[in-house]
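Keep in mind that the numbers below use all heavy atoms, side chains included, and drop hydrogens, waters and symmetry copies. Counting begins at 1 with the first residue of the sequence. Model, not experiment: these values are computed from the prediction.
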Amino acid sequence: MAAKIAYDDIEVGTELPARSFPVTRATLVQYAGASGDFNPIHWNEKFALEVGLPDVIAHGMFTMAEAIRVVTDWTGDPGAVVEYGVRFTRPVVVPNDDKGATIEVSAKVTAKLDDKQVRVDLLAKSDDQKVLGMSRAIVRLA
């Protein structure tokens with residue numbers, strides 16, 4: 001696969017299509033099984049409350065992975081992401097109900113770099129709170 005977006009067609013300030021990602025307790029159990037991260041703060045409400053959390057929280061790496069989907073969906077190629085990093089600023093709290101939580105992600109091209117690369121800054125929020133800080137990706141375009 002190769003990125004489907006042409007470097008020459010992109011300007012600084014280009015906004016990527018925003019996405020919403022639902023997260024339920026079932027999602028967290030599935031992620032725990034896939035990742036091998038069975039920390040009880042991600043599935044056991046009693047334990048999460050005992051250690052001072054407001055409720056069960058989503059895995060940080062899960063939150064990070066959901067956010068970058070905005071970029072990979074835009075490029076059409078996950079391999080176009082050359083570099084990606086975040087700071088975890090707040091957890092995504094996932095209540096035990098039919099609704100769960102939602103991660104809202106928007107992104108914008110903030111710099112054009114050499115070698116047909118762009119920097120994309122992402123904003124990830126849940127419950128109107130920023131959950132990832134310094135969320136940035138370097139992406140190689142066509």
Donor-acceptor contact below 3.5 Å, side chain S35 vs main chain Y31:
yes
Closest non-hydrogen atoms of S20 and T102, given as atom of the first, atom of the second and distance, are CB-CG2, 3.9 Å
Same cluster or not: are V120 and I5 linked, directly or through other Ile, Leu, Val, Met, Phe, Trp or Tyr residues, by side-chain heavy atoms under 4.5 angstrom apart?
yes
Inspect the contact between K108 and D121 and indicate whether a charged nitrogen and a carboxylate oxygen are less than 4.0 angstrom apart.
no
List the atom of T75, the atom of T72, and the distance in Å for their closest heavy-atom pair.
OG1-O, 3.3 Å
Got a salt bridge between D77 and K4, using NZ or NE/NH1/NH2 to carboxylate O under 4.0 Å?
no
Roughly how far, to the nearest 0.5 Å, is the NZ atom of K112 from the CZ atom of R119?
14.5 Å
Could you walk me through whether L28 and V94 pass the side-chain contact (heavy atoms from CB on, under 4.5 Å) test, one step at a time?
CA-CA 9 Å; L28 299 182; V94 183; 3.9 Å; yes
Min side-chain heavy-atom separation L132-R87 under 4.5 Å:
no
Tell me, with the steps shown, if V82 and V139 meet side-chain contact (heavy atoms from CB on, under 4.5 Å).
CA-CA 5 Å; V82 175; V139 182; over 6 Å; no
Could you tell me which non-hydrogen atom of L122 sits nearest to which non-hydrogen atom of A107, and how far apart they are?
CG-CB, 4.0 Å
Any donor-acceptor pair under 3.5 Å linking the side chain of Y7 with the backbone of L113?
yes
Check: V105 and I68 side chains under 4.5 Å, non-hydrogen atoms
no
Is the backbone of I103 close enough, under 3.5 Å, to the side chain of S126 for a donor and an acceptor to pair up by distance?
no
I'd like to know if V23 and V29 are part of one continuous hydrophobic network [Ile/Leu/Val/Met/Phe/Trp/Tyr, side-chain heavy atoms within less than 4.5 Å].
no
With hydrophobic residues grouped by side-chain heavy-atom distances under 4.5 Å, do V93 and W43 end up in a single group?
no
Are V118 and L141 side-chain neighbours, meaning at least one heavy-atom pair lies under 4.5 Å?
yes
Could you tell me the separation between the CZ atom of R136 and the OG1 atom of T110, rounded to the nearest 0.5 Å?
6.5 Å
For D115 and R140, work out which heavy atoms get closest and say how close.
OD2-NH2, 2.9 Å
N39 side-chain N/O to I41 backbone N/O, donor-acceptor pair under 3.5 Å:
yes
Provide the closest heavy-atom pair for A80 versus A3 in the form atom of the first, atom of the second, distance.
CB-CB, 4.0 Å
Could you go step by step and tell me if V131 and K125 meet the side-chain contact (heavy atoms from CB on, under 4.5 Å) rule?
CA-CA 5 Å; V131 295; K125 296 172 106 179; 5.8 Å; no
I138 with I10, same ILVMFWY side-chain cluster at under 4.5 Å
no
Nearest atoms (heavy-atom pairs only) where P17 meets W74
CD-CD1, 4.0 Å
So with a 6.0 Å cut-off around NZ of K116, is the heavy-atom count from everything else above 12?
no
Under 3.5 Å, is there a donor-acceptor pair between the side chain of S135 and the main chain of L123?
no
Which atom pairs, donor and acceptor, lie under 3.5 Å between side-chain atoms of residues 52-66 and protein residues at least two apart or in another chain?
| unit_1 | atom_1 | unit_2 | atom_2 | d |
| --- | --- | --- | --- | --- |
| D55 | OD1 | R25 | NH2 | 2.6 |
| H59 | NE2 | D37 | O | 3.2 |
| T63 | OG1 | H59 | O | 3.2 |
| E66 | OE1 | R69 | NH1 | 3.0 |
| E66 | OE2 | R69 | NH1 | 3.3 |

